Amino acid sequence: MPKHLALRNGREIGIMMPEDFAMHGIHIVWFKRDLRLHDHQPLVEAAAMGMVLPLYVVEPEALRQADAAPRHWHFVWQSLGELDQALKELSGSGLVLRVGEIIPVLAAIHRKTSILGLWSHQETGNAWSYARDRSVGIWTRKQGIPWREYQQNGVVRGLKSRNGWSTAWKKFTSASLILSPDNLTVAPISSDPWPQVQKQVQALFNTRPDACSKAQTGGRREAMRLLENFLQRRAADYARGMSSPLSAASVCSRLSPHLAYGTISVREIINAIKNQDLTKEKGWARNMRAFEARLAWRSHFIQKLESEPELEFRNLHPALADQRQHIDPILFSAWTQGQTGFPLVDACMRMLHATGWINFRMRAMLAAFACYHLWQPWQAAGLHLARLFIDYEPGIHWSQMQMQSGSTGINAFRIYNPVKQSYEQDPSGQFIRRWIPELAQVPKDWIHEPWRMPEMIQQTYQCRIGVDYPLPIVDHEKAARIARQRLRQAYGGPQARAQSREILDRHGSRKSKARKSPSSSQQLCLFE
Ligand SMILES: Cc1cc2nc3c(=O)[nH]c(=O)nc-3n(C[C@H](O)[C@H](O)[C@H](O)COP(=O)(O)OP(=O)(O)OC[C@H]3O[C@@H](n4cnc5c(N)ncnc54)[C@H](O)[C@@H]3O)c2cc1C
C-alpha cells in the first residue's frame with residue numbers, strides 16, 4: 001500500500017485508488033492545538049501506517065465555552081489556512097474541516113470507511129476539552145479503534161511525582177526534531193466547504209463582539225519569521241526590556257499564540273536556541289538562558305493543570321476558598337473596561353482589548369489588581385483575561401491566575417503597587433498616553449496620578465478627572481493593606497502551613513523547594 005505512484009512537485013508520491021480506500025480503511029490525524037506538519041509525531045506515525053485523513057473538527061460546544069473568543073478563532077483560522085496549503089504541497093490534498101461534535105463526526109466517517117487508528121497529540125485544555133477527550137477515549141475503545149496520543153509539551157500524563165520532572169523535560173525538548181513525512185497518502189474524503197465553516201463560526205460568535213484591531217497573525221510562516229528575527233536581533237534586549245510595556249512588545253519573542261496553537265513546537269524553539277552562538281555578543285547567553293527558562297516554565301505550569309484539572313475552578317490552597325466569591329459589578333466592570341482611574345492598569349487593559357497581548361509583568365499586575373485591590377474572584381478575572389489573550393493556554397493561564405491572586409499557598413504574594421509600577425515601567429507616560437487618549441495631553445508630572453492634578457491644570461490639558469477620566473475606584477494603599485491582612489489571617493496558622501507543604505510537594509518546582517520553604521514568613525513578603 002499504496003499500489004499506484006504519481007509525480008508531484010518532482011517527487012514520487014503514493015496514490016490510493018477508491019478500491020484501496022474501501023478495502024483498507026484510514027488513519028485519522030486529529031489536529032487540535034498542533035497546527036503544523038513539522039515535529040508532528042502523530043502525523044508521521046499515521047503516515048507510515050497507510051492512508052491518512054488530516055482532520056480538524058470545529059466543535060460548536062468548544063466555541064460556546066465561557067473562555068472562548070472570536071480572536072482565538074481568528075488566529076486558528078489563519079493557521080488552518082496555512083496548514084491546508086502545506087498539506088496540499090505535500091500530498092495534493094488539503095485539510096479536511098468538519099463542523100460538529102467530535103464523536104458524531106468520527107462516527108459518521110467510521111460508518112463510511114473503517115477508521116483503523118486515531119492519532120493526535122495529548123491536549124491539556126479546559127474542563128470541557130478534558131471531558132471531551134475522556135468521551136473520545138470511551139468511544140474509540142468501544143469501537144475497537146486504537147487512539148494514540150503523543151506528548152508535545154514535555155508534559156507528563158499520569159505523573160506520580162514531580163521528582164525528576166525537569167530532567168525529563170530537558171530530555172524531551174532536546175531530542176531530535178521529527179521531520180514532516182516525505183509523502184502522505186490522503187484519503188479521498190471531502191471537507192465541509194471552508195467559507196461555510198467560517199460562516200457557521202461567525203454565527204456562533206454573533207453575540208460576542210470582539211474588537212481586536214491589532215491582532216497577531218496566525219500560521220506557521222509567521223511563527224518562523226518571529227523566531228528568526230527574535231534570535232537574530234530582538235533578543236539582544238530580552239532580559240532588560242521584558243518588564244516594561246514600552247519595550248516588551250518588541251523584545252519578547254511574541255511566540256506565545258503560536259505555541260498555544262502549535263504552529264511551532266517547543267522542541268523546535270529549544271533546538272533553535274541550541275544552535276545559537278552564545279558568544280556572538282555580550283549578554284546573549286544570559287538572554288538565551290532567560291528565554292529557555294520561560295519555555296520550561298510554560299510546561300511546568302501546564303503540568304499543574306494536567307495533574308490537577310480542578311485548578312481551573314478551585315483554589316489550590318483552601319485558605320481563601322470562602323472569600324472573594326462575589327463579583328462587585330461596578331468594580332469589576334471598571335477593571336474589565338480599563339476605567340479604574342489608575343492609568344497604567346487601564347492602559348494595559350485597553351491594549352489587551354486592541355491587540356490580544358501584553359507582557360508578563362503587566363498581566364501579573366492586572367490579575368493582582370483585580371484580585372487583591374478590588375478583591376474580586378480570580379475565576380471571573382481569569383475568564384475575562386482568557387478571552388482577551390490570543391495566546392490563551394489553559395495550563396499556564398489558570399496556574400498563573402491562582403499564583404497572582406495568592407491562591408496557591410506556595411508562592412510569594414505579589415501585590416503590585418499600580419502607581420509605583422507606573423513610575424518605574426513607563427517613566428515618561430508614553431505608554432499610558434498611547435492607550436488612554438483622554439490623558440494624551442497630560443504632562444509627565446501628573447500622568448501617573450492624574451487625580452492629584454490641580455483643577456486649573458486639568459482645564460489647561462482638557463482632562464477633567466471624574467468627568468473625562470475616572471477618579472481612582474479604590475484607595476490603592478488602603479486596599480493593599482486590607483488584602484495583606486486577609487492573607488496573613490488566612491495563611492497564618494499551622495494547618496494552612498501544613499497544607500502549603502503538601503501542595504508544594506505535589507506541584508512545586510524542585511529548585512524552588514530547595515530555595516524556600518512555604519512555612520517561612522518569606523511567603524508573606526508582600527510586593528510593591
Ligand atoms: C495572569 C497571567 C496569565 C497568563 N496567561 C497566559 C496564557 O494564557 N498563555 C500564555 O502563553 N502565557 C500566559 N502567561 C504567561 C506570559 O505572560 C506569556 O507567556 C508571555 O507574556 C507571552 O509573550 P511572549 O511569547 O513574547 O513571551 P516570551 O517572554 O518570549 O517567552 C517565551 C514563551 O515562554 C512561555 N512563557 C513566558 N513567560 C511565561 C510565564 N511566566 N509562565 C509560563 N510560561 C511563560 C510562553 O509560552 C512564551 O511564549 C500568563 C501570565 C500571567 C501573569
Side-chain angles (χ1 to χ4, degrees), residues 33 67-69 71-72 75 124-126 152-155 169 173 216 222-223 226-227 229-231 234-235 237-245 247-270 272-273 287-305 311-312 348-349 351-352 355-372 378-408 411 414 416 509 527:
R33 294 174 80 107
D67 55 1
R71 59 185 62 196
H72 304 153
F75 189 92
T124 308
N126 61 9
Q152 80 160 338
N153 291 313
V155 166
W169 184 83
T173 51
Q216 271 186 256
E222 178 65 4
L226 284 173
L227 178 63
N229 63 35
F230 178 69
L231 292 180
R234 289 191 296 119
D237 276 330
Y238 181 63
R240 203 175 32 198
M242 68 166 77
S243 292
S244 165
S247 46
S250 55
V251 308
C252 289
S253 73
R254 311 298 305 273
L255 284 164
S256 51
H258 295 278
L259 280 162
Y261 293 103
T263 55
I264 191 166
S265 75
V266 65
R267 190 158 40 198
E268 288 182 280
I269 302 176
I270 296 283
I273 298 174
N287 285 316
M288 288 300 105
R289 269 198 311 276
F291 182 48
E292 188 170 347
R294 276 153 187 83
L295 292 167
W297 294 357
R298 172 175 193 273
S299 304
H300 163 79
F301 284 111
I302 298 176
Q303 182 69 59
K304 291 179 196 241
L305 186 67
L311 73 75
E312 182 180 344
C348 289
M349 187 60 86
M351 173 175 163
L352 262 181
T355 71
W357 185 88
I358 194 141
N359 61 323
F360 170 77
R361 182 177 279 253
M362 295 300 108
R363 291 185 198 210
M365 184 192 69
L366 281 174
F369 188 81
C371 302
Y372 291 131
W378 58 265
Q379 295 89 336
L383 271 180
H384 175 73
L385 293 176
R387 288 190 292 260
L388 291 182
F389 295 163
I390 296 180
D391 61 25
Y392 170 51
E393 174 70 62
I396 307 178
H397 188 67
W398 293 113
S399 305
Q400 282 286 354
M401 282 308 301
Q402 291 240 7
M403 187 166 149
Q404 305 303 339
S405 63
S407 309
T408 66
N411 304 102
R414 294 183 165 169
Y416 291 88
S509 124
F527 231 58

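As the structure is a computational prediction, the values presented were derived from the model and not from experiment. Ligands are counted one by one from 1 in listed order, and the atoms in each one are counted from 1 as well.
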Whether Tyr261 and Phe75 hold their rings parallel, tilted or perpendicular, with breakpoints at 30° and 60°: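 Rings of Tyr261 and Phe75: tilted, 30 to 60°.
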Salt bridge present between Asp391 and Arg363 (N-O < 4.0 angstrom):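 Yes, charged N to carboxylate O under 4.0 Å.
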Arg254 side chain to Gln216 side chain, donor-acceptor N/O pair below 3.5 angstrom: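 Indeed, the side chains of Arg254 and Gln216 share at least one donor-acceptor pair under 3.5 Å.
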Value rounded to 0.5 Å, distance of CG in Leu231 from CE in Met288: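 Between atom CG of Leu231 and atom CE of Met288 there are 5.0 Å.
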Distance (rounded to the nearest 0.5 Å) between Leu259 CG and Ser253 OG: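 Leu259 CG to Ser253 OG: 7.0 Å, rounded to 0.5 Å.
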Shortest non-hydrogen separation from Cys252 to Trp357 and the atoms involved: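 In this case the closest contact between Cys252 and Trp357 is CB-CZ2, 4.2 Å.
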Does ligand 1 have any N/O atom under 3.5 Å from a protein N/O, and what are those pairs and their distances?
residue  : atom   : partner : partner atom : Å
ligand 1 : 5 (N)  : His397  : ND1          : 3.1
ligand 1 : 8 (O)  : Glu393  : N            : 2.9
ligand 1 : 9 (N)  : Asp391  : O            : 2.9
ligand 1 : 9 (N)  : Asp391  : OD1          : 3.3
ligand 1 : 17 (O) : Arg363  : NE           : 3.3
ligand 1 : 23 (O) : Trp357  : NE1          : 3.0
ligand 1 : 25 (O) : Leu255  : N            : 3.2
ligand 1 : 25 (O) : Ser256  : N            : 3.0
ligand 1 : 25 (O) : Ser256  : OG           : 3.4
ligand 1 : 26 (O) : Ser253  : N            : 3.4
ligand 1 : 26 (O) : Arg254  : N            : 2.7
ligand 1 : 29 (O) : Tyr238  : OH           : 2.6
ligand 1 : 30 (O) : Ser253  : N            : 2.9
ligand 1 : 30 (O) : Ser253  : OG           : 2.6
ligand 1 : 34 (O) : Arg294  : O            : 3.4
ligand 1 : 41 (N) : Gln400  : NE2          : 3.4
ligand 1 : 42 (N) : Gln400  : NE2          : 3.4
ligand 1 : 47 (O) : Arg298  : NE           : 3.3
ligand 1 : 49 (O) : Ser256  : N            : 3.3

